[in-house]
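What follows is a set of notes on a single structure, which appears directly below.
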Number of protein chains: 2
Amino acid sequence: MPALLESLKSEWVMGVKSQSKEPLYHKLYVLLRNSITNGSVEFGAQMPTEQQLSNAFGISRITVKRAMDDLAAENLIARQRGKGSHVTYRYEPEPVSAPLVGMLENLEEMSKHSSVRVISIESLVPPADVRETLRLNTDGTALKILRVRSNEDGQPYAYYVSWTKADKKRFTKKRVESKTRIALLKESGTRIARVEQTLSAENADAGVGALLDVPVHTALLALTRQSFDDAGDMVDILFGLYNPKLFAYKMVLGLDH
Amino acid sequence: MPALLESLKSEWVMGVKSQSKEPLYHKLYVLLRNSITNGSVEFGAQMPTEQQLSNAFGISRITVKRAMDDLAAENLIARQRGKGSHVTYRYEPEPVSAPLVGMLENLEEMSKHSSVRVISIESLVPPADVRETLRLNTDGTALKILRVRSNEDGQPYAYYVSWTKADKKRFTKKRVESKTRIALLKESGTRIARVEQTLSAENADAGVGALLDVPVHTALLALTRQSFDDAGDMVDILFGLYNPKLFAYKMVLGLDH
DNA sequence: ACATGTTGTTATAATATTATATCTTATCGA
DNA sequence: TCGATAAGATATAATATTATAACAACATGT
């Protein structure tokens, strides 16, 4: 038996017993995918045949085929009748990314090179943590705005949820897409005097994953920005999630000591 | 219609159209769960009844029931015939990240409330990307240090990999654990004049996950810190991964305009 | 006791998923 | 051209999932 097949079989008998519930074809798919993406099987090399895997693992060829088809659908392998399946994925030790860098100083600059799509604007009852900090109008609602920001290539890189203590009239879709929320607040007489920001990280859920075009569970850079007016009252809170492949937060510090 | 139900309905019509494929009962479950865990519905409050949700959302009561049953199975609500379903989950406004650390100014402060464990110190040939930016000594090696930082409760919250252009003699395990790397560099005559930091996010792999005591794939706050001396040469590069549950990066900005 | 409101139980139809077998077609070397 | 290797196509049986309906049982106020 070829060394690769031997190695896979060994992993298979381990993995099958531990992880349960998932269908066979999917467990096999994951196993094979890992062997490709971690470089165990090199670019261009032939995968074990359906028959080989079927025999070695004791499952039907069709089930193996299903897993292989899934790999092909992800463009990890190319399949051909009579020839076999060959790896089309090129293993790169470290895919270096050159993300768009945002600095505090040039938030306006940033918006020049990107566009915003407003998903929704609604007056809703906010979650308790927001409700507590934001002082609310009589009906207990605030303006919830969902937005996605994309770069010049049309790739979405940021997802925002904001809660604003403001009038719905001034915040039409059009206006929000063309101006910053801060500017709109200014119009209605609210001046932002202080901003607190917290940077953290969060996993993408299905919804955000779809909007930012990243797989579920991708690590995203998370920003919470609380804006306060002159009186020290919070008038706006923004939660942002950034695709780290496309956006990173850079700062330069000068030291004296 | 009650405000809460109104609010939920609004979210429902949004979410159902965008997110696809998942079964209705699960989408509803997620929607309701969020409204509970984020505190929109308070502890003890009565949930909308199955009939109400069924009518408002245009799905069968049984499907609603399934979602509610799932909530009950998670002990988020208690259900009772004739009475209704009531929230049993107590919303806690989450004590915002314990070590809230700002910038370089209070790095020393931070180290007072935490401890460092050095995993390894080695002179190695760094990977290509590090090697390029760091100007190296004759033998082409740099000092690679792996560390884990824990808070006062012994919980590990940061994992560091650093590459330093320095003498191994000065960087013994003991010394690294008691002093900052910056201070040690200072001793050897290297003064840090400028620092560039980039914040991003990264998924925990198995190794880091074990060290930080988080599940694989947890989103971690990722920091890259490049330190430059007077001459503008980079003398140190640090890659840090932080558990966002225990550490967040906070900054306060005053606005003039 | 009874009407009303609310969840629990049981049954069921439609569809999707999972794993299999059988037959077909393309590739390539002898 | 033939035989050995591969993957593709079609069919199918057993389950699981999803969404529904109709009826039963409990809680509460009048």
Side-chain angles (χ1 to χ4, degrees), chain A residues 1-2 4-5 8 12 15-16 19-32 36 41 44-88 206, chain B residues 1-2 4-5 8 12 15-17 19-32 36 41 44-88:
Chain A
M1 201 186 293
L4 172 63
L5 188 57
L8 289 172
W12 177 254
V16 165
Q19 296 172 24
S20 51
K21 205 66 183 64
E22 280 171 292
L24 287 173
Y25 74 87
H26 188 254
K27 283 193 274 197
L28 179 56
Y29 161 76
V30 171
L31 177 65
L32 295 176
I36 293 170
V41 210
Q46 177 168 4
M47 297 288 291
T49 70
E50 295 178 356
Q51 201 52 249
Q52 285 178 318
L53 289 168
S54 170
N55 294 338
F57 293 16
I59 57 181
S60 90
R61 185 174 78 81
I62 312 299
T63 302
V64 175
K65 178 175 170 49
R66 167 104 189 235
M68 303 279 274
D69 285 344
D70 288 352
L71 291 175
E74 304 265 303
N75 287 319
L76 293 173
I77 62 174
R79 324 197 63 206
Q80 222 177 335
R81 273 183 178 167
K83 293 189 69 173
S85 302
H86 295 78
V87 177
T88 53
Chain B
M1 201 185 296
L4 172 63
L5 188 56
L8 288 172
W12 176 254
V16 165
K17 287 181 183 170
Q19 296 174 27
S20 52
K21 205 67 182 67
E22 278 171 292
L24 287 174
Y25 74 86
H26 189 254
K27 283 193 275 196
L28 179 56
Y29 161 76
V30 171
L31 177 66
L32 295 175
I36 293 170
V41 209
Q46 177 166 5
M47 296 288 291
T49 70
E50 297 177 357
Q51 201 55 248
Q52 284 177 318
L53 289 169
S54 170
N55 293 339
F57 294 14
I59 57 182
S60 90
R61 186 174 75 82
I62 312 299
T63 302
V64 174
K65 179 174 170 47
R66 166 103 189 236
M68 303 278 274
D69 285 343
D70 288 352
L71 292 175
E74 305 263 303
N75 288 319
L76 293 174
I77 62 176
R79 324 196 64 207
Q80 220 177 338
R81 269 184 180 165
K83 294 190 69 174
S85 302
H86 295 78
V87 177
T88 54

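Reminder, nothing fancy here: chain letters follow the sequence lines and each chain counts from 1.
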Using whole Å, what does the distance between atom C1' of nucleotide D:dA19 and atom CZ of B:Phe57 come to? 17 Å

How would you give the extent of chain A contacts on DNA chain C, as first and last nucleotide 5' to 3' within a 4.0 Å heavy-atom cut-off? C:dT18 to C:dC28

Atom of A:His86, atom of A:Gly44 and distance for their closest heavy-atom approach: CD2-O, 3.4 Å

Strand contacts (DNA chain C) in residues 77-86 of chain A, 4.0 angstrom heavy-atom criterion: A:Gln80, A:Arg81, A:Gly82, A:Lys83

So, do B:Glu74 and B:Asp70 sit near enough that their side-chain heavy atoms are less than 4.5 Å apart? no

Taken in chain and number order and not counting sequence neighbours, the residues that satisfy side-chain hydrogen bond (donor to acceptor under 3.5 Å, both in side chains) with A:Thr63 are A:Ser60

Check for a donor-acceptor pair, side chain of B:Gln52 on one end and backbone N or O of B:Met47 on the other, with a separation under 3.5 Å. no

Indicate, with a heavy-atom threshold strictly under 4.0 Å, whether B:Thr49 touches base, sugar-phosphate, or nothing. sugar-phosphate

Give, ordered by number, those residues of residues 61-73 of chain A having at least one heavy-atom distance below 4.0 Å to an atom of DNA chain D; if nothing qualifies, reply none. A:Arg61, A:Ile62, A:Lys65, A:Asp69

Search all heavy atoms of B:Leu28 against all heavy atoms of B:Val64 and return the closest pair with its distance. CD2-CA, 3.8 Å

Return the value, rounded to whole Å, for the distance between atom CG of B:Leu24 and atom P of D:dT20. 7 Å

Specify the closest pair of heavy atoms between B:Met68 and B:Leu53, including all atoms of both residues, with the distance to one decimal. SD-CD1, 4.2 Å

Of all heavy-atom pairs between B:Thr88 and B:Ile77, which one has the smallest distance, and what is that distance? OG1-N, 3.4 Å

ring-ring contact (aromatic ring centres under 6.0 Å, His included) filter on B:Tyr25, not counting sequence neighbours, yields none

Under the ring-ring contact (aromatic ring centres under 6.0 Å, His included) test, which residues partner B:His26, sequence neighbours left out? B:Tyr29

So which atom in B:Gly84 and which in B:Gln46 form the shortest heavy-atom distance, rounded to 0.1 Å? CA-NE2, 3.7 Å

